[in-house]
Visitor: 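The structure that follows is given in the form of structure tokens.
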Amino acid sequence: MIGLLMHVRTKPEKSDRFAALTAKLQQDVRANEPGVPVFQVMRQVDDPAMFVFTEVFVDEAAFAAHPDMPYHQAMSAAGWDCVDGQPEIVRYTPLSDADIAEQAA
């Protein structure tokens, strides 16, 4: 499995547009990508121009296919127009139940 956290700052005047675009993307990913069991976009409460994406992919194939999905590509141009600077993206390996059981033993 592959975990991804992405922090995105938007231009303040475009934050609401970004929220609408990413909410639609979230809906499309959940409906069409069984290899992405977690896709959650969150907006920071005290800084509405800051967004965090939490994504989990079952394997490299799902991870590689995600940006090529037509709804992702359609959202990207409009979405990037809303972004201020570069996103911070960090890749993780999610812990499994086996990892947790090993720690308890």
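As the structure is a prediction and not an experimental result, all values here were calculated from the model.
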Visitor: Taking all non-hydrogen atoms of both residues into account, name the closest pair between Gly35 and Ala62 and its distance.
Guide: O-CB, 3.3 Å
Visitor: Should Trp80 and Pro87 count as side-chain neighbours, where that means a heavy-atom distance under 4.5 Å?
Guide: yes
Visitor: Are Leu4 and Met50 connected into the same hydrophobic cluster when the rule is that any two of I, L, V, M, F, W, Y join if their side-chain heavy atoms are below 4.5 Å apart?
Guide: no
Visitor: Between atom CZ of Phe18 and atom CG of Asp84, what is the distance when rounded to the nearest 0.5 Å?
Guide: 11.5 Å
Visitor: Dump the intermediate steps for side-chain contact (heavy atoms from CB on, under 4.5 Å) on Val8 and Met6, then the final yes or no.
Guide: CA-CA 6 Å; Val8 178; Met6 179 170 65; 3.8 Å; yes
Visitor: Could you state the interatomic distance from NE2 (His7) to CD (Gln44), rounded to the nearest 0.5 Å?
Guide: 8.0 Å
Visitor: Please, which pairs that meet side chain to side chain donor-acceptor pair (under 3.5 Å) have at least one residue in residues 47-56, sequence neighbours excluded?
Guide: Arg9-Asp47
Visitor: Can you give me the closest heavy-atom contact between Arg17 and Cys82, atom names plus distance?
Guide: CG-SG, 3.9 Å
Visitor: Taking all non-hydrogen atoms of both residues, which atom of Val56 and which atom of Pro94 are closest, and how far apart?
Guide: CG1-CG, 4.4 Å
Visitor: Taking the side chain as C-beta and beyond, is there a heavy-atom pair between Met1 and Ser96 under 4.5 Å?
Guide: no
Visitor: Shortest non-hydrogen contact from Ala49 to Ser15?
Guide: CA-OG, 3.3 Å
Visitor: When the ring planes of Phe57 and Phe63 are compared, do they come out parallel, tilted or perpendicular, using 30° and 60° as the limits?
Guide: perpendicular
Visitor: Cluster question for you: counting only ILVMFWY and a side-chain heavy-atom cut-off of under 4.5 Å, with indirect links fine, are Met75 and Val41 together?
Guide: yes
Visitor: So, taking the atom named CD1 in Ile89 and the one named CZ in Phe53, what distance separates them when rounded to the nearest 0.5 Å?
Guide: 9.5 Å
Visitor: Given the rule that I, L, V, M, F, W and Y join up when any side-chain heavy atoms are under 4.5 Å apart, are Phe51 and Val83 in one cluster?
Guide: yes
Visitor: Keeping to residues at least two apart or across chains, list the side chain to side chain donor-acceptor pair (under 3.5 Å) pairs with something in residues 85-95.
Guide: Glu60-Arg91
Visitor: Could you tell me the separation between the CG atom of Leu25 and the OG atom of Ser76, rounded to the nearest 0.5 Å?
Guide: 7.5 Å
Visitor: For the residue pair Lys24 and Tyr71, establish whether any side-chain heavy-atom pair is separated by less than 4.5 Å.
Guide: no
Visitor: Hey, which of Thr10, Thr22, Asp16 is the one that makes side-chain hydrogen bond (donor to acceptor under 3.5 Å, both in side chains) with Arg43?
Guide: Asp16
Visitor: Are Gln40 and Arg30 side-chain neighbours, meaning at least one heavy-atom pair lies under 4.5 Å?
Guide: yes
Visitor: Do Gln26 and Asp28 meet the criterion of a side-chain donor-acceptor pair at a distance under 3.5 Å?
Guide: no
